[in-house]
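I have placed the structure first, in the form of structure tokens, so that the comments after it can refer back to it.
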Amino acid sequence: MAKYQAYPEYKDSNNKWLAELPTHWKLVALKHVLVMPMTDGPHETPEFIDEGVPFVSAEAVSSGQIDFNKIRGFISEADDIRFSKKYKPQLHDVYMIKSGATTGITAIVETDQHFNIWSPLAAMRCKQIYEPYFLLNYLRSDPFQKSVQLSWTFGTQQNIGMATLQNLPVCLPPKEEQKKIAEFLNYETSKIDHLIEKQQQLIELLKEKRQAVISHAVTKGLNPNVPMKDSGVAWLGEVPEHWDVSKFAYLKQVLTDYTANGSFADLKANVQYLDEPSFARLVRLTDLRKDLANTDGVWVNKKSYEYLKKSALYGGEFLLANVGAYAGLFYQMPFDKGYASLAPNMFMAKFDQSKVSREFMAYVGQSIPVSSQLRLSATASSAQPKLNKDDFKAVSFVYPGLKEQQKIVDYLDQELKQIDILLKKQEQAISLMQERRTALISAAVTGKIDVRNWQAPTLAEADTELNA
């Protein structure tokens, strides 16, 4: 932020996340800049139909706007009229996801298209004194997001209540200053987003290549001249003649989930959720995607862990997300990660190691045939993606003898090294750009930098910057 100037004078904000504010700024509760009380969509699951009013939930707002290609489904005019008595979307309303793995993500309505929303979204409508795009950015700032995280509660998933949310503090500069800050951030973050998009495209290409290499090895083997046979499974096609065709159910030893320990009521009474590292980690899919290197997950004390002993994790278990946007993703629990237990909305499976090795099955779970079967089962209905145990058991796959499995594992371990190195570099680059984006937003909306004299570049200047 060195190239930006600070404000001439500051005052104590009396807030631990903000420290100082420009002298002429105020700090007020979020509810005081809203024209109506914060609200949300219906707390019931509507009947989805083939055509009708678009029904928007958390997955459709992850990009900061309403993505109508990712809506939950369509509802009838009658349901829309009924739901609209509580809340009817309007241009420049601001949304924040208030429950689930993506709690804290924000978006703004930039369309006059008619739609309705579901309960995971908190809806905010600004007073005349408050610029909606300033609010959108303030909700994304580091101070506000930390306030949200400290206010989370945990049941089967993290969430924040609207009564708590609307009492969190927001900065209140003069209206014209809010507009200038929003204009500045729109330009600067668009440049960063453009660079991030390029990196993400490269990552997707690398992931596709990685999955293709895995899929070929675990369904066709390493010998291109081996005799083939029809597997009898559309997803698998022809497979080596000496390989066995099976289903997960036939090689399963254990398939359980979080509720194996007791009913939801019993779990609520016996398990204390903690948001700081404690005796044991509750392993979620988002933790596995980070190889459990993160410490910002959900934890439990020793007493809670002992209650959750039926879903304890020791390493080597296969974990499957069974609800939500990640449903169907399949990961192996690493070893030597300390005490851990299974989080809600996931299955745990163990396979017969006299037939298939853990290492081979870890690659099978990443292959296109398996992931396609799980994804199709998860999205077979128009409601929230969901898998049951029978869906998991029905997955078809093929396998050779243990010695050949090991040769395939050794080959893939070596073949994927370079791809994984490239993926890590691209992900690190994106992470740095995202950190810069958040830092820039936080600095601007909390008055750490003064952009009142900033002028938008001409179209020619902007084009040069984007293509530099």
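For the single chain, residues carry numbers from 1 onward in sequence order. Every value quoted in this text rests on a predicted model; they were computed, and no experiment measured them. Only this structure's heavy atoms are used, side chains among them; waters, hydrogens and symmetry mates stay out.
The CD1 atom of Ile430 lies 6.5 Å from the CD1 atom of Ile196; values are rounded to the nearest 0.5 Å. One finds the CD atom of Gln199 at 12.0 Å from the NZ atom of Lys425 (value rounded to the nearest 0.5 Å). The distance from the NZ atom of Lys198 to the CD atom of Gln201 is 8.5 Å, given to the nearest 0.5 Å. Separating the CG atom in Leu168 from the CG atom in Asn15 is a distance of 10.0 Å, to the nearest 0.5 Å. One finds the CG atom of Leu172 at 6.5 Å from the NZ atom of Lys26 (value rounded to the nearest 0.5 Å).
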Problem - Stepwise side chain to side chain donor-acceptor pair (under 3.5 Å) test for Tyr133 and Glu110 - result: CA-CA 11 Å; Tyr133 284 93; Glu110 293 187 312; 2.5 Å; yes
Practice task
Any chance you could lay out the salt bridge (Lys or Arg N to Asp or Glu O under 4.0 Å) test for Asp193 and Arg437, step after step, and finish with the verdict?
Solution key: CA-CA 8 Å; Asp193 290 342; Arg437 189 181 190 278; 2.8 Å; yes
Exercise for the section: Go through the steps for Asp257 and Ser311 under the test side chain to side chain donor-acceptor pair (under 3.5 Å), then give the verdict. Expected result: CA-CA 6 Å; Asp257 62 14; Ser311 58; over 6 Å; no
Practice task
Could you walk me through whether Gln272 and Asn301 pass the side chain to side chain donor-acceptor pair (under 3.5 Å) test, one step at a time?
Solution key: CA-CA 7 Å; Gln272 181 183 4; Asn301 57 26; 3.1 Å; yes
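Listed by chain and number, the residues in a ring-ring contact (aromatic ring centres under 6.0 Å, His included) with Phe318 are Phe330, Phe351 (sequence neighbours excluded). In this structure, Trp17 has no ring-ring contact (aromatic ring centres under 6.0 Å, His included) partners at least two apart in sequence or on a different chain. Under the side chain to side chain donor-acceptor pair (under 3.5 Å) criterion, Glu435 pairs with no residue, sequence neighbours left out.
Using a 4.5 Å cut-off on side-chain heavy atoms (C-beta onward), Val170 and Phe144 make contact. Within the 4.5 Å cutoff, the side chain of Val61 has no heavy atoms near those of the Thr106 side chain. Side-chain contact between Phe48 and Arg72 is present, with heavy atoms from C-beta onward closer than 4.5 Å. Within the 4.5 Å cutoff, the side chain of Tyr87 has heavy atoms near those of the Asp93 side chain. Inter-residue side-chain proximity for Glu359 and Leu412 is flagged as unmet; no heavy-atom pair is nearer than 4.5 Å. Proximity of Ser13 to Glu20: side-chain heavy atoms (C-beta onward) are nowhere separated by under 4.5 Å. A 4.5 Å side-chain heavy-atom check between Gln332 and Glu317 finds every atom pair outside the cut-off. In this structure the side chain of Phe83 never reaches within 4.5 angstrom of the side chain of Ile117, judged on heavy atoms.
In this structure, Asn322 contributes its side chain and Asn388 its backbone to no donor-acceptor pair below 3.5 Å. The main-chain N or O of Lys417 is never found under 3.5 Å from a side-chain atom of Asp420 such that the two would form a donor-acceptor pair. When atom types are taken as modelled, the side chain of Glu427 and the backbone of Ile203 share no donor-acceptor pair closer than 3.5 angstrom. No donor-acceptor pair under 3.5 Å is formed between the side chain of Ser84 and the backbone N or O of Ile81. Counting only distance, with no hydrogens or angles, the side chain of Ser263 and the backbone of Asp266 share a donor-acceptor pair below 3.5 Å. With Gln211 contributing its side chain and Gln366 its backbone, the two residues share a donor-acceptor pair below 3.5 Å. Panel note: side chain Ser341, backbone Tyr305; no donor-acceptor pair is recorded below 3.5 Å. Judged by distance alone, with hydrogens and angles left aside, the side-chain atoms of Gln166 form no donor-acceptor pair with the main-chain N or O of Leu30 at under 3.5 Å. A side-chain donor-acceptor contact under 3.5 Å links Ser367 to the backbone of Val364. A distance-only check finds a donor-acceptor pair linking the side chain of Ser215 to the backbone of Ile368 [under 3.5 Å].
Between Lys180 and Glu177, none of the side-chain N atoms (NZ, or NE/NH1/NH2) sits under 4.0 Å from a carboxylate O, so this pair counts as no salt bridge. Looking at Lys146 and Asp142, a side-chain N of the basic residue comes within less than 4.0 Å of a carboxylate O on the acidic one, giving a salt bridge. With respect to Glu415 and Lys209, no salt bridge is recorded, no charged nitrogen being found less than 4.0 Å from a carboxylate O. Ion pairing between Asp40 and Lys86 holds under the 4.0 Å rule for side-chain N and carboxylate O.
Screening Ile108, Val445, Leu34 for a side-chain contact (heavy atoms from CB on, under 4.5 Å) involving Leu135 leaves a single residue, Leu34. Among the candidates Trp118, Phe115, Phe74, the single residue satisfying the ring-ring contact (aromatic ring centres under 6.0 Å, His included) test with Phe55 is Trp118. Between Leu423 and the options Leu202, Leu206, Leu416, a side-chain contact (heavy atoms from CB on, under 4.5 Å) holds for only Leu206.
By the neighbour-count criterion of 12 heavy atoms within 6.0 Å, atom NZ of Lys127 is densely surrounded, having more than that number from other residues, nucleotides or ligands. By the neighbour-count criterion of 12 heavy atoms within 6.0 Å, atom OH of Tyr339 is sparsely surrounded, having that number or fewer from other residues, nucleotides or ligands. Around the CD atom of Gln149, the shell of radius 6.0 Å holds more than 12 heavy atoms that belong to other residues, nucleotides or ligands. Within 6.0 Å of CD on Gln90 lie more than 12 heavy atoms contributed by other residues, nucleotides or ligands. When the shell of 6.0 Å around NZ of Lys70 is examined, it contains 12 or fewer heavy atoms from other residues, nucleotides or ligands. The neighbour count for Asp50 CG, taken as heavy atoms of other residues, nucleotides or ligands under 6.0 Å away, does not exceed 12. Counting non-hydrogen atoms of neighbouring residues, nucleotides and ligands closer than 6.0 angstrom, the NZ atom of Lys310 reaches no more than 12 such neighbours. More than 12 heavy atoms of other residues, nucleotides or ligands shown are found within 6.0 angstrom of NZ on Lys11.
Ring-centre distance between Trp299 and Tyr273: not below the 6.0 Å cut-off.
Between Ile192 and Met433 the shortest heavy-atom distance is CG2-O, 3.6 Å. Among all heavy-atom pairs drawn from Ala312 and Tyr314, the shortest one is CB-OH, 3.5 Å. Of all heavy-atom pairs between Ser278 and Val300, the closest is OG-O, 3.5 Å. Across all non-hydrogen atoms, the minimal contact from Ala122 to Met38 is CB-SD, 4.0 Å. Contact detail for Asn261 and Lys309: the closest heavy-atom pair is OD1-N, 3.5 Å. Of all non-hydrogen atoms in Arg140 and Thr438, the two that sit nearest each other are O-CG2, 4.3 Å.
Side-chain polar atoms of Asn167 and Lys31 form a donor-acceptor pair below 3.5 angstrom. Using modelled atom types, one finds no donor on one side chain facing an acceptor on the other under 3.5 Å when comparing Ser151 with Thr164. A donor-acceptor contact closer than 3.5 angstrom is absent between the side chains of Asp287 and Tyr331. Neither side chain, Asn345 nor Tyr258, offers a donor N or O lying under 3.5 Å from an acceptor on the other.
The aromatic rings of Tyr10 and Tyr7 sit perpendicular to each other, their planes meeting at more than 60°, with 30° as the lower class boundary.
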